[in-house]
Protein chains: 2
Amino acid sequence: MSERRGADLALLLLGGFEAMVEEVVAELERRGHPGVRAAHEFALRAIDDGADSAAELGRRLEVSKQAAAKTIAALEQLGYVAREDDPADARRKRLRVTDRGHEMTAIGQALFDEVRERWARQIGRAELDELQAQLGRLLTTPSSRRRP
Amino acid sequence: MSERRGADLALLLLGGFEAMVEEVVAELERRGHPGVRAAHEFALRAIDDGADSAAELGRRLEVSKQAAAKTIAALEQLGYVAREDDPADARRKRLRVTDRGHEMTAIGQALFDEVRERWARQIGRAELDELQAQLGRLLTTPSSRRRP
DNA sequence: GACGGTTCGACAACCAGGTTGTCGAACACG
DNA sequence: CGTGTTCGACAACCTGGTTGTCGAACCGTC
């Protein structure tokens with residue numbers, strides 16, 4: 001079974017992420033939101049959370065502003081975000097999450113929570129809380145620094 | 001701090017994987033193995049483990065044989081794998097992990113174990129073992145099925 | 001008020017790692 | 001011997017990133 005090797009742990013972490021995302025994306029599609037990618041969800045959340053320009057979104061997601069612009073283009077295409085001229089700064093386009101966008105993030109959030117809930121039932125709520133807390137501890141404390 | 005939301009859990013899982021891989025790849029480069037990608041490590045391990053043809057490697061990694069062939073080409077380029085004619089089957093090219101390849105996987109394995117060891121010191125060995133076991137349980141039991 | 005540096009968004013080229021589809025050659029077998 | 005399968009190769013394409021360059025707009029300073 002699990003061999004307690006570092007490489008196995010890495011694969012388990014990746015597998016866990018993929019399992020969650022795969023399920024959420026599939027269910028989103030079933031509920032009227034086809035074409036959504038995992039990255040879209042998180043980006044839309046960031047926009048809703050105040051990242052109202054491409055450059056700012058890039059900073060939040062720690063990707064280049066060009067990559068952020070591509071994501072925004074996709075979100076706009078899907079009708080999740082609107083780009084409007086900024087009256088105060090002619091360079092900027094102000095990003096606004098549409099109603100449909102809000103609907104999608106709400107569903108997505110709920111779906112992620114559902115998966116988590118199922119996992120909690122499967123291995124025990126306390127155990128999953130503990131797992132998540134330990135992971136959080138590992139990723140916030142020491143080295144493991146992201147791009148400066 | 002950790003909000004115990006499903007989406008947060010997903011990001012933690014991904015973050016954990018990326019943190020491990022990033023560190024291992026960086027250290028591999030420092031130890032004389034530049035240009036190695038995470039996928040290379042796992043692929044090389046699979047080859048060493050008996051996947052001695054492109055098609056077979058594709059099956060093991062659950063990707064198309066074309067994708068596997070690309071990975072093999074990269075590994076050959078880097079000197080980690082050699083392709084030789086199969087005397088018993090003129091269609092096949094037998095894959096063989098070179099000495100340098102074995103060196104790389106050994107170092108990589110050790111580096112993954114080192115990261116895991118550091119994590120174990122950080123949150124406690126029993127706790128990390130538990131985390132890994134729970135994750136394994138989540139990903140092997142119920143739905144979460146991979147491509148058939 | 002003009003100037004220099006910074007920021008914004010756009011565009012192009014590129015890369016990695018996948019995909020599908022097609023192909024010819026080699027093999028396996030009834 | 002023919003038929004079906006498997007192997008590796010090749011081409012075209014997608015996704016999600018990257019870097020570099022650009023003009024336009026903004027801001028601070030002299």
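The sequence lines fix the lettering, A, B, ..., with proteins before strands; numbering per chain opens at 1.
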>> Any heavy-atom pair between the side chains of Arg116(B) and Gln132(B) that's under 4.5 Å?
In response: yes
> Can you find a pair of side-chain heavy atoms, one from Ile47(A) and one from Tyr80(A), that are under 4.5 Å apart?
Replying inline: no
> Less than 4.5 Å apart, any side-chain heavy atom of Thr71(A) and any of Leu61(A)?
Replying inline: no
> Would you call Asp113(B) and Arg5(A) a side-chain contact if the rule is heavy atoms closer than 4.5 Å?
Replying inline: yes
> Any idea which of dG9(C), dG18(C), dA25(D) is nearest the Arg91(A) side chain?
Replying inline: dA25(D)
> Could you state the CD-C1' distance from Glu62(B) to dT19(C), rounded to the nearest angstrom?
Replying inline: 16 Å
> Side chain of Arg83(A): nearest nucleotide among dA9(D), dC27(C), dA10(C)?
Replying inline: dA10(C)
>> Just N and O in the side chain of Arg59(B): are any of them under 4.0 Å from OP1 or OP2 of dC7(D)?
In response: yes
>> Classify Ala69(A) by what it touches in the nucleic acid, base, sugar-phosphate, or nothing, heavy-atom distance under 4.0 Å.
In response: nothing
> dG21(C) base to Gln66(B) side chain: any donor-acceptor pair below 3.5 Å?
Replying inline: yes
>> Please report the distance, rounded to the nearest Å, between CD1 in Ile72(B) and P in dG18(C).
In response: 12 Å
> The side chain of Arg37(B) lies closest to which of these nucleotides: dG9(C), dT15(D), dA16(C)?
Replying inline: dA16(C)
> Which nucleotide, dC26(D), dG16(D), dG9(C), lies nearest any side-chain atom of Arg92(A)?
Replying inline: dG9(C)
> Between dT19(C) and Ser64(B), is there an OP1 or OP2 to side-chain N/O distance shorter than 4.0 Å?
Replying inline: yes
> Can you check the Leu95(B) CG to dG8(D) C1' distance for me, whole Å?
Replying inline: 11 Å
> How many Å lie between CG on Asp85(B) and P on dA26(C), as a whole number?
Replying inline: 12 Å
> For the pair made of CG in Asp89(A) and C1' in dC27(D), what is the distance, rounded to whole Å?
Replying inline: 11 Å
>> Let's see if you can work this out: which of dG9(C), dG17(D), dG8(D) has an atom nearest to the side-chain heavy atoms of Ala54(B)?
In response: dG8(D)
> Can you tell me how far C1' of dT18(D) sits from NZ of Lys70(A), to the nearest Å?
Replying inline: 9 Å
> Below 3.5 Å, does any donor atom in the side chain of Lys65(A) face an acceptor in the base of dG9(C), or the other way round?
Replying inline: yes
> Between dC14(D) atom C1' and Gln77(A) atom CD, what is the distance in whole Å?
Replying inline: 15 Å
>> What I'd like to find out is whether the side chain of Leu95(A) reaches to under 4.5 Å of the side chain of Glu56(A), using heavy atoms alone.
In response: no
>> Both Ala38(A) and Ala90(A) contact DNA chain D. Taking the nearest nucleotide for each, which residue is further toward the 5' end?
In response: Ala38(A)
> For the pair made of NZ in Lys93(B) and P in dA25(C), what is the distance, rounded to whole Å?
Replying inline: 15 Å
